[in-house]
Structures are given as structure tokens and as C-alpha cells.
Amino acid sequence: MPAPQQAYQRQAAQAGPFMLGIDVLASRGFDLIRGKRVGLITNQTSMTGRGERTRTVMQRALGPNLVALYAPEHGIDGTIGAGLHVSTRRDSVTGLTVHSLYGPTRKPTPAMLAHIDVLVFDLQDIGSRSYTYISTMIVAMESAAECGKQFVVLDRPNPLGGWRVEGPPLESKWKSFVGQVPVPYVHGMTAGELAMMAGARGWMARTPRLNVVKMQGWNRNMAWQDTGLRWYQTSPNIPHASSPFYYVATGILGGATSVDIGIGTENPFGYAGGSGVNPQALYAYCQRLNMPGVSFSPYSKNGFGGVRLNISPHASADITALDVHLLAEINRLSGGKVISRMSGSKLNLFNKVYGSESLYSDLRRGVSPASIVSRWQGYNQSFRSQRQSFLLYP
């Protein structure tokens, strides 16, 4: 049996009401990892509350005991496009080797971990199952366990807040790097909470000795905008603190053909349109959906028509359901082209992101989006109770 998981929290508040996991660990003199050889999974989002890089702060505190860095999809600077391989290289900031966890291998190899005692994870996630940073964490935990290394998660906020649980389950046959753990499409958990749940529920072949360094001052009612923290773009198409909401609202739609979700605009994922779609017709449909906290405006450009979205960070609407409604209606208004022309690798990725082939087959058969969405609700309720014992924040 692995050693018991620990959630690790600073007792007294000295530096104000809100502290990230990295700030809590630093305030304790890095006691969890001091004297150990440390590897850090990191990128441009790994910043302290004061805006210093985690790797700089750690190198200053630990000296030569910070041994190696590891970068997820998009690379250590977050500039490499989605799905493109990341190369292993030297970090210009610390001089350390940055091992790629999104290249020939996505799971740290024994050779990559040979020179460390503890592997630390400090990445800003966006709260959706299909975003790969949590997948990186899970496979790295498994590798740490296999190599006898301690694993530490420096916790960070879920930018969608901690109550939003939405969307379909992941069927085991569709497990992939865009769906590594069997949670709803939107799970409402932090990376630290997910790490604890994944270890306890056996979502990896082996579970490491795990410590989660809790944040101080975060609660589940907080969207990112409530933390007072600066947002650092997590990847090229997630530039704003609001972007995770738009990612959930149109990310599944974006896997279809002849659609527009605003990639390349000022608000990636903030548009929903299709080739030849009448924007007024889609706008009228969206108005009837009754999505509290979400508003729409029609647009057309380059032969595409649709709606621009405006989502409040505290919208009570089910925004994963909105994604399915938009997909179904854009498909209908395009004469079925959006779904019927999907095939091969595009369809395979679409099913992996959704977590099953049911959405594709349901829409082909004309099943209503309301029926599709209603099928998640029991699962979402059951997941809420399953996750309860792993929640670290009120």
C-alpha cells in the first residue's frame, strides 16, 4: 500500500487572505522537499502570487537540488500549438534540462526520473477533462509510483469554480490523453483534489506517495476573477481568465467540420457558427434556450454565420449542455453537413473528447439535444457524492 495521501496546509495566515500552493510551500521553507533532489513539472503558468516563476523561486531556495524540469503540451513557455510535439531542451531561465512530456513519450521514463527523489507538479489547469495538463499529472503520478518517487501537487484554483459539475462520463474504451480520468467533462475539482481521488480510486496502475500542498483562502464559490490573481495564458487559445468558460461552451462543437468557434480571434472559443448558417436563425434558437448568465449576438464572416457568446463567470447555465445544443442546431441549420462529413481521425478525436461515440450517433439519428443532456444528470449527481471525500476546500 502506498503511504497515506496528505493534504498539506499552512496553519497561520501572514501574507494576506489568498495563497497558492507554491506560496504556502515557500512560506514553510520548502520543508516537504528540502534536502531532496527535485524534479518540477512546470510551464509559463507556474507563477507565485507575486508573479515570480516557480522554477526561479525553487532554484533560489533549493540550489542544485532542483535537478530537472518537465514540460507538458504547449511547452515550457506555452507557445507551441495544440497537438504539436514539444522538444526536450535547455531552459534559458534556470539552465536546467526541460524534459518533454508531450513528444515521443507523454509519461516520464525511468531515465527521466533517475536523478530525482521527488516529482513536483505545478501547472494551472482549466477545469475541463479534455485539457491535457491533468492527463500529464496522472501519467506522471503513475511513473513516480513505478520508480519509487514521492509526488507533490502544488494546488491552484479551478478557474470555473468548485461547484460546476457538467457533461458526459468517459467510457473506458475512449480513454485517451484528452480524457485520462473517468470524471464528467467539467468536474469542479482542483488538480490536488483530482490527484487524491485518482490515487484512491485506482485510476492509475500504481499510486505514488502523494502530498497535496493546499491553497489558503480559496473556496468553491470562487471563479478566477474572485482570486485577485493575474491570469497567465495557459495555452495559445486560452488567453483570458474567462477563456475556460468559452472552451467548455464550444470545445466539443469545435471538433466537428465546417464550423467556426473563433480560433484566431480576440476571444478563441467565444464564437459558434457554421458554413452557410443563418446567424439570425441560430440567434433566435439561442435566445429560446434560457441559459442564465449567457448572452448571444449574431455575426457573419467569410461565409460562416452564427453567434458570439458572452458568459458571466458566475453563470448558472449548464455550459457543457450549451455546447451540445449549439452543435445540434448548427448541424440542423447546415443541413446535417457538420456531423455527416466527419470521418477518420477527426471523428476519433471528437469521440475521445466527448468520452463516447453516443453524441455522434445520437445526432446522426436526430435525437434531441435536451434528451442527450438529460442522460448526464444522474451521473453528475452520483459523481458529486463520489468526489465529496476528496474535496479540500469549502
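- Although no hydrogens or angles enter the test, the distance criterion places a donor-acceptor pair under 3.5 Å between the side chain of E73 and the main chain of G83.
- The same ILVMFWY cluster, assembled from side-chain heavy atoms under 4.5 Å apart, contains both V212 and V38.
- Within the 3.5 Å criterion, the main-chain N or O of S334 finds a donor-acceptor partner in the side chain of K337.
- The closest side-chain heavy-atom distance from P168 to Y185 is below 4.5 Å.
- Of the N and O atoms on the side chains of H325 and Y285, at least one donor lies less than 3.5 Å from an acceptor on the other residue.
- You'll find the side chain of D155 reaches within 4.5 Å of the side chain of Y393, heavy atoms only.
- Atom CH2 of W203 is separated from atom CE of M141 by 10.5 Å, given to the nearest 0.5 angstrom.
- Looking only at atom types and distance, the side chain of Q381 has no donor-acceptor partner in the side chain of S385 under 3.5 Å away.
- Two residues are said to be in side-chain contact when any heavy atoms from C-beta on lie closer than 4.5 Å; L253 and Y271 fail this criterion.
- For the pair T105/M112, a side-chain contact is recorded, criterion being any heavy-atom separation below 4.5 Å from C-beta on.
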Would S371 and S374 satisfy side-chain hydrogen bond (donor to acceptor under 3.5 Å, both in side chains), going step by step from the backbone distance to the final call? CA-CA 5 Å; S371 300; S374 70; 5.3 Å; no
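- At a threshold of 4.5 Å between side-chain heavy atoms, the hydrophobic network of Ile, Leu, Val, Met, Phe, Trp and Tyr places W163 and V165 in two separate groups.
- Salt bridge E146/K107: present, at least one basic N to carboxylate O contact under 4.0 Å.
- Because its NZ or CZ atom is not both nearer than 6.0 Å to the ring centre of F390 and within 45° of the ring axis, R387 does not count as a cation-pi partner of that residue.
- Cluster membership check: Y70 does not share its hydrophobic cluster with F177, using side-chain heavy-atom separations under 4.5 Å among Ile, Leu, Val, Met, Phe, Trp and Tyr.
- With hydrogens and angles disregarded, a donor-acceptor distance shorter than 3.5 Å links the side chain of T54 to the backbone of S46.
- No donor-acceptor contact under 3.5 angstrom links the side chains of D122 and T42, judged on distance only.
- For the side-chain contact (heavy atoms from CB on, under 4.5 Å) test with V93, the passing option among T56, L69, V98 is T56; the others fail.
- The closest donor-acceptor contact from the side chain of S300 to the backbone of F304 lies at 3.5 Å or more, if one exists at all.
- For the residue pair N267/T265, the side-chain donor-acceptor check at 3.5 Å is not satisfied.
- D323 places a side-chain N or O within 3.5 Å of a backbone atom of G251 that can act as its donor or acceptor partner.
- A salt bridge links D117 and R37; the closest N-O separation between the charged side-chain nitrogens and carboxylate oxygens is under 4.0 Å.
- Salt-bridge formation is not detected for the pair R288/E329: no Lys NZ or Arg NE/NH1/NH2 atom is positioned less than 4.0 Å from an Asp or Glu carboxylate oxygen.
- Within the 3.5 Å criterion, the main-chain N or O of Q280 finds a donor-acceptor partner in the side chain of N278.
- Salt bridge present: D77 and R89 bring a charged side-chain N and a carboxylate O closer than 4.0 Å.
- Under a 3.5 Å cut-off, the side chain of E166 and the backbone N or O of T320 do form a donor-acceptor pair.
- Atom CG of N158 and atom CZ of R220 lie 8.0 Å apart (nearest 0.5 Å).
- Inspection of the Q59 and T94 side chains reveals no N or O donor paired with an N or O acceptor under 3.5 Å.
- Side-chain atoms of H314 and M222, non-hydrogen and from C-beta on, never get closer than 4.5 Å to each other.
- Using a 4.5 Å cut-off between side-chain heavy atoms of Ile, Leu, Val, Met, Phe, Trp and Tyr, with links allowed through other members, V57 and Y232 fall into different hydrophobic clusters.
- For the pair Q44 and I76, the minimum side-chain heavy-atom distance is 4.5 Å or more.
- Here CZ of F269 is found 15.0 Å from CZ of F245. Values are rounded to the nearest 0.5 Å.
- Salt bridge absent: R34 and D31 never bring a charged side-chain N and a carboxylate O closer than 4.0 Å.
- Y131 is connected to V186 through a chain of hydrophobic side-chain contacts under 4.5 Å among Ile, Leu, Val, Met, Phe, Trp and Tyr, so both are in one cluster.
- Put simply, the side chain of I116 does not reach to within 4.5 Å of the side chain of V118, judged on heavy atoms.
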Mind running side-chain contact (heavy atoms from CB on, under 4.5 Å) on L20 and L154 for me, showing each step along the way? CA-CA 8 Å; L20 294 163; L154 304 182; over 6 Å; no
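- Of the charged side-chain nitrogens involved, none lies within less than 4.0 Å of a carboxylate oxygen, so that R156 and D125 do not count as a salt-bridged pair.
- Rounded to the nearest 0.5 Å, atoms CZ (R106) and OG (S135) are 9.0 Å apart.
- E357 and R364 are not joined by a salt bridge, as no carboxylate oxygen comes within less than 4.0 angstrom of a charged side-chain nitrogen.
- Inter-residue side-chain proximity for V213 and L32 is flagged as met; some heavy-atom pair is nearer than 4.5 Å.
- Taking the ring centre of F151 as origin, the terminal cationic atom of R209 falls outside the region bounded by 6.0 Å and 45° from the ring axis.
- Shown are P159, P268, S242, S130; of these, the side-chain contact (heavy atoms from CB on, under 4.5 Å) with Y247 is made only by S130.
- Using a distance-only test at 3.5 Å, with no hydrogens or angles considered, a donor-acceptor pair links the side chain of R90 to the main chain of G95.
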